[in-house]
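Notes for the one structure printed next.
We number each residue from 1, following the sequence as shown.
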Amino acid sequence: MDSLQKHISVQTQYIPYYNSSIADMARNMVFARKIRGDIYHVTGDVHYIVMALPAGKTILTIHDSVFIRESKGLKRIFFKWIFLKLPVRRCRYVTTISEKSKNEIIHYTGCDPSKVVVIPNPVNEHIYYREKEFNTTDPVLLFIGSTPNKNLDRIIQAISVIPCTLEIVGRIPEEHSLLLKKNGIRFRQYLQLSETEMADRFASSDIIIFASLYEGFGLPILEGQKAGRAVLTSNISPMKEVAGKGACLVDPYDPESIRSGVKKIIEDDDYRNIIIKKGFENLTQYNNQHIADQYVKLYEAILNP
């Protein structure tokens with residue numbers, strides 16, 4: 001935000017109703033019609049608000065299409081039209097965080113590809129680097145998330161024979177809790193961490209394990225790189241593009257591949273140091289100023305057509 005405010009006066013508005021009922025959505029649209037500005041940028045998961053704003057002056061940010069992928073029946077139809085097709089059709093530009101997300105938006109809406117602009121997420125400024133000797137005998141593996149796409153069940157299988165401590169940030173489903181205990185895996189759980197507390201978890205870890213089955217982007221990859229930790233992630237899009245050469249890439253559907261990757265990071269000092277170094281180099285394209293400049297360029301395209 002600070003980087004943008006150097007160029008453009010930014011006024012943040014929050015919708016008054018957060019339920020997804022038709023009545024509350026209608027109230028939010030009435031509220032949105034009263035907002036005045038030269039550019040309108042919708043960044044939250046209230047995509048339908050775009051339909052109450054001037055079409056030629058509005059940008060919509062869509063992080064991913066998981067809400068379509070994970071819904072069925074009438075709910076899927078509702079989400080597809082009200083949260084995706086109609087908002088994308090109305091706005092001037094859509095921004096999204098990866099080529100994968102862009103391709104999904106085009107697939108679901110049939111919009112002109114030139115309308116969708118890829119601008120990645122910046123790295124959390126709270127994440128910091130702290131020098132730490134890698135623990136080869138009992139490394140701490142940091143795992144973030146609890147939804148099915150995060151792939152915790154296969155990760156548990158993968159590390160069941162590796163001496164380590166798994167730190168899980170998020171809710172642990174009962175079946176995964178039983179699986180952790182059955183395999184004798186030492187683990188710690190953290191819930192509702194502040195940004196500062198989350199940064200401390202990165203700094204205290206040895207490996208960031210992020211072998212997801214699906215992501216719109218994969219911000220923990222960059223956060224792990226900024227913290228100077230070894231990152232293991234999936235060899236599928238968009239994770240492999242986000243990571244660049246600064247991570248160990250594995251097949252997220254194969255526990256043996258995940259296991260081999262973790263062991264390589266633990267046992268091969270040279271390899272581990274290389275991916276950490278490449279991770280720092282990868283971050284240059286994700287700094288706040290670089291990303292803010294891309295948004296300013298898009299805003300100027302609206303102001304000066």
**OP:** Under the side chain to side chain contact (heavy atoms under 4.5 Å, CB included) rule, what do Thr96 and Val118 come out as? Steps first, then yes or no, please.
**Re:** CA-CA 5 Å; Thr96 192; Val118 175; 4.3 Å; yes
**OP:** Could you tell me whether Asp206 and Lys132 make a salt bridge, using a distance below 4.0 angstrom between a side-chain N and a carboxylate O?
**Re:** yes
Original post:
So, Ser234 side chain and Leu213 main chain: donor-acceptor pair closer than 3.5 Å or not?
Top reply: no
**OP:** Determine the minimum heavy-atom distance between Ile258 and Asp251, stating which atoms define it.
**Re:** CG1-O, 3.8 Å
**OP:** Any chance you could lay out the side chain to side chain contact (heavy atoms under 4.5 Å, CB included) test for Val231 and Ile275, step after step, and finish with the verdict?
**Re:** CA-CA 8 Å; Val231 176; Ile275 63 172; 6.0 Å; no
Subject >> Distance-only side-chain donor-acceptor flag, Asp38 / Tyr299, under 3.5 Å >> reply: no
**OP:** Report yes or no: do Asn103 and Glu99 form a side-chain donor-acceptor pair below 3.5 Å?
**Re:** no
Original post:
If you measure from the Lys or Arg side-chain nitrogens to the Asp or Glu carboxylate oxygens, is any gap between Lys150 and Glu215 under 4.0 Å?
Top reply: yes
Original post:
Heavy-atom distance under 4.5 Å between the side chains of Met25 and Tyr17, does that happen here?
Top reply: no
Subject >> Beyond-backbone contact of Phe202 with Ile208, side-chain heavy atoms, under 4.5 angstrom >> reply: yes
Original post:
Using the ring of each side chain (for Trp, its six-membered ring), is His41 parallel, tilted or perpendicular to Tyr295, with breaks at 30° and 60°?
Top reply: tilted
**OP:** May I have the step-by-step check of side chain to side chain contact (heavy atoms under 4.5 Å, CB included) for His176 and Phe187, ending in yes or no?
**Re:** CA-CA 11 Å; His176 290 159; Phe187 71 95; over 6 Å; no
